[in-house]
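Everything numeric in this text was worked out from a predicted model, so none of it was measured. Below, chains carry the letters A, B, ... as their sequence lines are ordered, and counting in each starts from 1.
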There are 2 protein chains.
Amino acid sequence: MTATKVTLKDVAARAGVSYQTVSKVLNGDMQVAPETMERIQAAVRELGYRPNRIARNMRAGRSFMIGYSWTQTEPGQVNHILDQFLSSMVREASAVGYYVLPFPFQEGSAQVDAYRDLIRSGNVDGFVLSSVNYNDPRIQFLLKQKFPFVAFGRSNPDWDFTWVDIDGAAGTRQAIEYLIGRGHRRIAILAWPEDSRVGNDRLQGYLDAMQAAQIGIEPGYVLRGEGTFDVGRAMTLHLLDLPSEQRPTAIMALNDTMAIGAMAAARERGLGIGTDLAIIGFDDAPMAQYLFPPLTSVRQPIAEAGHKCVELLVALVEGQPVAQKHVLLQPSLIIRASA
Amino acid sequence: MTATKVTLKDVAARAGVSYQTVSKVLNGDMQVAPETMERIQAAVRELGYRPNRIARNMRAGRSFMIGYSWTQTEPGQVNHILDQFLSSMVREASAVGYYVLPFPFQEGSAQVDAYRDLIRSGNVDGFVLSSVNYNDPRIQFLLKQKFPFVAFGRSNPDWDFTWVDIDGAAGTRQAIEYLIGRGHRRIAILAWPEDSRVGNDRLQGYLDAMQAAQIGIEPGYVLRGEGTFDVGRAMTLHLLDLPSEQRPTAIMALNDTMAIGAMAAARERGLGIGTDLAIIGFDDAPMAQYLFPPLTSVRQPIAEAGHKCVELLVALVEGQPVAQKHVLLQPSLIIRASA
DNA sequence: ATGATAAAGGCGAACGTTCGCCTAGAGAGA
DNA sequence: TCTCTCTAGGCGAACGTTCGCCTTTATCAT
């Protein structure tokens, strides 16, 4: 019907007051006579007035936007995280008067440029980073700029910044303890390359749990490689082809994709998954429950992480005291038939 | 280093011209002496000036934002679409000077309110809708408001609006033709409830292909239900328990989750998937290739759809002539071992 | 010499808010 | 009656752009 924008002046004209008064009344910054209040409210209602967000932001000198960018996954991979993480960020942001601004992921040095541009153009008040790793150039840059950000994931221990992370070590530890409790001693782990901060964290839980149970770490049981199906399958075939007294009875993979590769390998060698060979994954991808057999996996509280990131970032941006600079969320082991 | 914002005036002061001149020069709206140009460019470079996007939008009376909201999936489900669709929208939008603004999904009548609020507050210049269905209240509302939007998905045939969709009928047709070519005649289909526009579209491809091949449609082979694992499994068990001369030799499901349920059912009945029973899914979820056996499925050009949606919407918003109001993209059958 | 024309750039205004300060009138205390 | 203090609300300014129009100076053809 009415395509034309309704402004404060329109409301003011109809209510018979100055437009600044309308502004103040709507923002609760002023006492007015009850009848005036009534007239203003009626005008707002009848005209369908909503404050123009751009003008408001202009005046405030802020954008009330949170920049977020994520690494695009390769064609074969799923980003089952994104939906949960982004949805929970958007919801929490909206609840506190912010929006999330997704921007394109860039490779290499162009990546930091994208962050710089968003800052300089006043497009965002802060960032949430994900997929952080050691020596992350974005963190380095934002720290130097003193620009507010919260990282989903830890980085170099000597860098001082606010982060939210999932306790990967605890997740793996839980899984390994479970396997040990079921009587397994020869437990192998399909880990990631050494330059992966997340991979090292998760691997640490394996080392801790084995040591706590006084089981020596067999170097041949710790395999590293890219977290893909093919790598998981190849590593598992290698393990299964060891002499039978050395062959592991349980394999944990640091993500579900590798675990599925491990399942394929077990099937190829004619082993019953969950019976002859226990397999545990990490991430609890949505498909995990539908695999044959359903995959035991470590589930991460992704939505909670997104929520926390926004909560901390907004506190940072608004200069409120931040209760906790570091939030470490606990994952949980979802036990199914594969282990 | 410099936390303070750099504005046109700062640049102008350093270059020794008026700030409006800087604006015009940067926007290519004015001819200046080469030396002046040089001074301005140097000042911009040295100060790291970027135009303030909020002020620019304020002046333009537009936000250069595209609103987008998606239905949150249930815990067990994946939204493997989101990453591709959103990424491609963000990339395309960025290329033409826009951003994508995700906002929280609301149930029921609050949903339209969210759209209305975004319009009134000047937050967005247009919308991309997804998960559209028959009688979609959002489409109804936006048409009445004459507010620019592009739907990813069709709705009521008599509503006149711009959409991008994937030719689901063609996808199913391709799959069924493939099955027929492999000698199958007793082909069942696991379809969705009748109120699903997408489901009916995909189902139509089955009907078309069967008819074209002169194979009568067996009513008992067309099963409808929610697109979940459990429903897919239950429907398949029902089909497999038919007398052997009536039992289908191939089953197509309208999504991968149901197809995986069908695979579970086949396994329970001791049938070899791809040998005793052919199974085809729809969506080509990333996990499909890692299933045992790998699932034959219909792949949709999601990224292209996202790209097109933004392209059309921007044309709409800027009042440019839209080459094609309706874009129907072709899916492709990815043949693997399950059929 | 003179007027026309173009090039180079200045200036005021406006977009819709919010913020701080000002004012008119009423009520109250002395 | 005078002043002092509230209360309700008005008014100007500013945020950083862009747009339209104006002014100045140089260039050129007549």
From CG of A:D29 across to C1' of C:dC19 the rounded distance in Å is 9 Å
Treating primed atoms plus P, OP1 and OP2 as sugar-phosphate and everything else as base, which nucleotides of nucleotides 10-15 of chain D get B, S or - for protein heavy atoms under 4.0 Å? BBBBBB
What nucleotide, of C:dT17, D:dT17, C:dG9, holds the atom closest to the side chain of B:L8? D:dT17
Walk along nucleotides 22-27 of chain C from 5' to 3' and tag each nucleotide B, S or - by protein heavy-atom contact under 4.0 Å, base first, then sugar-phosphate. ------
Does the pair A:R197/A:D136 count as a salt bridge with the N-to-O cut at 4.0 Å? no
Throw together a table of side-chain donor-acceptor distances under 3.5 angstrom for residues 21-34 of chain A, partners on residues two or more places apart or in other chains.
{"unit_1": "A:T21", "atom_1": "OG1", "unit_2": "A:S18", "atom_2": "OG", "d": "2.9"}
{"unit_1": "A:N27", "atom_1": "ND2", "unit_2": "A:S23", "atom_2": "O", "d": "3.1"}

Give one of base, sugar-phosphate or nothing for A:N27, where a contact means two heavy atoms less than 4.0 Å apart. sugar-phosphate
What pairs of donor and acceptor atoms, side-chain ones from residues 95-109 of chain A against any protein atom, are under 3.5 angstrom apart with sequence neighbours left out?
{"unit_1": "A:Y98", "atom_1": "OH", "unit_2": "A:R62", "atom_2": "NH2", "d": "2.4"}
{"unit_1": "A:Y98", "atom_1": "OH", "unit_2": "A:E318", "atom_2": "OE2", "d": "2.8"}

Using OP1 and OP2 only, check whether a side-chain N or O of A:R56 sits under 4.0 Å from C:dG16. no
Between A:D113 and A:R116, is there a salt bridge with N-O shorter than 4.0 Å? yes
With a cut-off of less than 4.0 Å, is there a side-chain N or O of B:S23 near OP1 or OP2 of D:dT18? yes
Run the side chain to side chain contact (heavy atoms under 4.5 Å, CB included) test against B:S130 and tell me which residues pass, sequence neighbours left out. B:Y68, B:W70, B:F152
Rounded to whole Å, how long is the line connecting atom CZ of A:R62 with atom P of C:dG16? 22 Å
Determine whether a donor-acceptor pair (N or O, by modelled atom type, separation under 3.5 Å) exists between the side chain of A:S94 and the backbone of A:V90. no
Could you pull out the protein-nucleic contacts involving nucleotides 5-7 of chain C (nitrogen or oxygen on both sides, under 3.5 Å)?
none

